[in-house]
Amino acid sequence: MEYTTNILPPTKEALRLAAGALRRGELVGMPTETVYGLAANAYDPSAVEKIFLAKGRPQDNPLIVHIADLASLDGIASGIGKTAELLASRFWPGPFTMILPKSEKIPDCVTAGLDSVAVRMPSHPVAAALIRESGLPLAAPSANLSGRPSTTEARHVYDDLHGKIPYIIDGGSCDIGVESTVVKVMDNKVLLLRPGAVTVENMRELGIEIEIARAVETPLKEGETVLSPGMKYKHYAPKAKVVIVDGPIERFASYVRFHSDGHTYALVFEGEEASIPVPTLSFGHSDNSLEQASHLFTALRAADEKGASCVYCRCPSKQGVGLAVYNRLLRAAGFEVVVL
Ligand code: TXA
Ligand code: MG
C-alpha cells in the first residue's frame with residue numbers, strides 16, 4: 001500500500017491521530033531520546049509484519065517492545081527477577097533495553113520466535129505520550145531502511161520511509177543519537193549485547209556483574225551462533241565505503257591524502273578539520289563521547305548526501321559512551337580498521 005507520509009508536529013491532536021492509526025494496525029515514526037523508532041501495536045501480528053516489510057528487515061531479527069509504565073510489563077514479560085528490577089528502577093525510563101522471558105501474549109513475529117522479549121521504557125516525552133495515548137505496548141525498531149544508519153531527525157525517517165507509512169511525529173533531533181543499551185539479564189549477571197548511553201560503568205556501580213558479548217567489538221565467525229540476531233548484519237552503513245583509521249592525527253592526514261580519489265571524505269573530531277587534506281565531516285570533540293554519539297549517524301547520512309565514495313574515520317575512545325560510538329562505527333565500516 002502506498003501512503004502519503006505526513007510529518008506532524010508533536011501536538012495533542014497529532015498524538016491522537018497517530019495513536020488512532022496505531023490502534024488500526026498502521027505504523028508511526030516516533031521520536032525517542034536515542035533514535036527515531038518505527039512503531040506498531042506489539043500485540044497485532046499483521047501490524048508488526050508491516051514493520052519488517054517497510055524496513056526490508058530480515059524476519060529473524062526481533063523487535064524491542066516499548067512501554068510507558070512498569071505495570072505494562074505484565075502482558076509482555078513472564079517474570080522479572082531482582083537484577084532486572086534493580087536495573088529498571090535505576091535506568092527506566094531511559095536508553096536501556098532488557099531481554100526478559102517472554103509472555104505468551106506477545107506474538108512470535110515480535111521476538112522472531114525466541115522465548116525472550118526485548119523491553120524498553122523510553123524517556124522521550126513524545127514517545128511516552130504516544131504509548132499512553134494509544135494504550136498499547138509499541139514494537140519499534142529504529143526507523144531506517146534495514147542496514148542504513150539509524151534516523152535521528154524526522155527528515156531522515158521521511159527520506160527512508162516516505163510512501164510506506166502514514167505518519168511521522170517530529171520531535172526534533174534525538175538527544176543521544178545512538179540506540180539504547182541492550183542487555184540480557186541472567187540471575188545475578190548481565191550480558192551486554194549492544195552498548196549505548198547507559199554504560200558498563202553505570203551498571204557496575206550497582207554492584208552487578210557485567211560480561212561484554214564478544215560480538216560488541218569483534219566480527220562473528222562463520223556459523224557462530226548469536227545471542228542478539230541484530231549483531232549478524234552489516235549495519236548503520238551509508239552508501240559510501242567506511243574505514244576506521246586509528247592513529248595520531250598527522251598520520252591520519254597523510255593516510256587520507258595518499259588514499260584520496262577526489263570523492264573521499266574524512267570524519268574527524270571537532271577542531272581537526274584544518275589539518276585534513278580532503279573535505280571533512282565532524283562528529284564532536286575527541287574527548288566528548290556523548291557529542292560524538294549525537295552526531296555520528298547524521299554525519300554518515302551527510303556523507304551520502306555529498307556523494308562521498310569513501311569516508312575515513314578517526315577512531316573514537318572505547319570508554320563509557322565511547323564504546324557505543326565505536327561499536328556503531330565498526331559495523332558501518334564492516335569491521336575494517338586500519339591501525340597506523
Ligand atoms: O534505542 C533503541 O533501542 C531504538 C529505539 C527506537 O527504541 N530501537 C532499536 O531497535 O534500536 P532495533 O530493532 O534497531 O534494534 C534492536 C536490537 C537488535 O539488535 C535485535 O537483534 C535485539 O535488539 N533484540 C531484540 N529482541 C531481542 C531478543 N529477544 N534477544 C536478543 N536480542 C534482541
Ligand atoms: Mg536498528
Side-chain angles (χ1 to χ4, degrees), residues 27-40 42 48 51-52 54-68 76-78 91-103 106-124 126-128 130-131 137-152 156-157 160-161 169 171 174-186 191-198 213 215-216 220 225-237 293 297 324 327-328 331-332:
L27 306 184
V28 172
M30 73 168 174
T32 84
E33 70 278 23
T34 56
V35 298
Y36 275 75
L38 181 61
V48 170
I51 292 180
F52 287 89
K55 282 186 57 112
R57 183 179 176 103
Q59 296 283 345
D60 64 349
N61 195 3
L63 306 175
I64 298 174
V65 178
H66 296 68
I67 55 175
I76 296 168
S78 68
F91 300 120
W92 278 355
F96 186 70
T97 297
M98 288 196 282
I99 313 285
L100 300 168
K102 168 186 172 305
S103 145
I106 291 290
D108 283 338
C109 56
V110 171
T111 61
L114 298 172
D115 55 9
S116 60
V117 61
V119 191
R120 170 159 116 81
M121 189 190 291
S123 63
H124 196 292
V126 176
L130 185 61
I131 297 166
L138 300 179
S142 49
N144 51 279
L145 289 176
S146 198
R148 300 260 303 139
S150 298
T151 49
T152 54
H156 298 159
V157 183
D160 276 20
L161 297 170
I169 302 188
C174 301
D175 270 355
I176 294 173
V178 294
E179 307 83 347
S180 61
T181 304
V182 178
V183 300
K184 187 168 177 81
V185 185
M186 280 125 22
L191 181 64
L192 177 74
L193 300 180
R194 182 175 73 181
V198 169
V216 167
L220 290 165
T225 48
V226 273
L227 291 162
S228 181
M231 287 179 174
K232 309 197 273 216
Y233 301 105
K234 184 167 177 183
H235 249 120
Y236 316 118
F297 289 137
N327 168 274
R328 303 312 190 275
R331 280 171 169 70

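These numbers come from a predicted model, not from an experiment. Whatever order the structure lists ligands and atoms in, that order sets their numbers, starting from 1.
Between Asn61 and ligand 1, at least one pair of N/O atoms sits closer than 3.5 Å. Checked against a 3.5 angstrom limit, the closest N/O atoms of Arg57 and ligand 1 fall inside it. Where the criterion is an N or O separation shorter than 3.5 Å, residue side chain and backbone included, Lys55 fails it with respect to ligand 1.
Judged purely by atom type and a 3.5 angstrom limit, Ser78 has no side-chain atom pairing as donor or acceptor with the backbone of Ser103. A distance-only check finds no donor-acceptor pair linking the side chain of Glu33 to the backbone of Asp175 [under 3.5 Å]. In terms of modelled atom types and a separation under 3.5 Å, the side chain of Tyr36 and the main chain of Gly171 share a donor-acceptor contact. Judged by distance alone, the side chain of Arg328 and the main-chain N or O of Ala332 form no donor-acceptor pair under 3.5 Å.
A salt bridge between Asp108 and Lys102 is present, with a side-chain N of the basic residue lying under 4.0 Å from a carboxylate O of the acidic one.
Taking each heavy atom of Pro58 and Ser146 in turn, the nearest pair found is CD-OG, 3.6 Å. For the pair Ala118 and Leu63, the tightest heavy-atom approach, listed with the atom from each and the gap, is CB-O, 4.0 Å.
Contact annotation for Lys102 and ligand 1: no heavy atom of the residue comes within less than 4.0 Å of the ligand. Contacts between Arg120 and ligand 1 below 4.0 angstrom, taking non-hydrogen atoms only, involve the side chain exclusively. Neither the backbone nor the side chain of Thr111 has a heavy atom within less than 4.0 Å of ligand 1.
A side-chain N or O of Thr32 and one of Arg120 form a donor-acceptor pair less than 3.5 Å apart. Side chains of Ser180 and Thr34: a donor-acceptor N/O pair is absent below 3.5 angstrom, by distance only.
Each of the following atoms of ligand 1 lies closer than 4.0 Å to a heavy atom of Ser142: 8 (N), 9 (C), 10 (O), 12 (P), 14 (O). Proximity to Pro141 (heavy-atom distance under 4.0 Å) selects the following atoms of ligand 1: 6 (C), 10 (O), 12 (P), 13 (O). Near Leu114, with a cut-off below 4.0 Å to any heavy atom, the atoms of ligand 1 are 28 (C), 29 (N), 30 (N). Taking a cut-off of under 4.0 Å to the non-hydrogen atoms of Ala118, the atoms of ligand 1 that pass are 25 (C), 26 (N), 27 (C).
For the pair Ser116 and ligand 1, a heavy-atom separation below 4.0 Å is found.
Of all the listed residues (Gly196, Gly37, Ala140), Ala140 holds the heavy atom that lies closest to atom 8 (N) of ligand 1. Compare His124, His66, Glu33 by their heavy atoms: the one nearest to atom 7 (O) of ligand 1 is in His66.
Taking backbone and side-chain atoms together, Ser142 has an N/O/S atom less than 2.8 Å away from the Mg ion (ligand 2).
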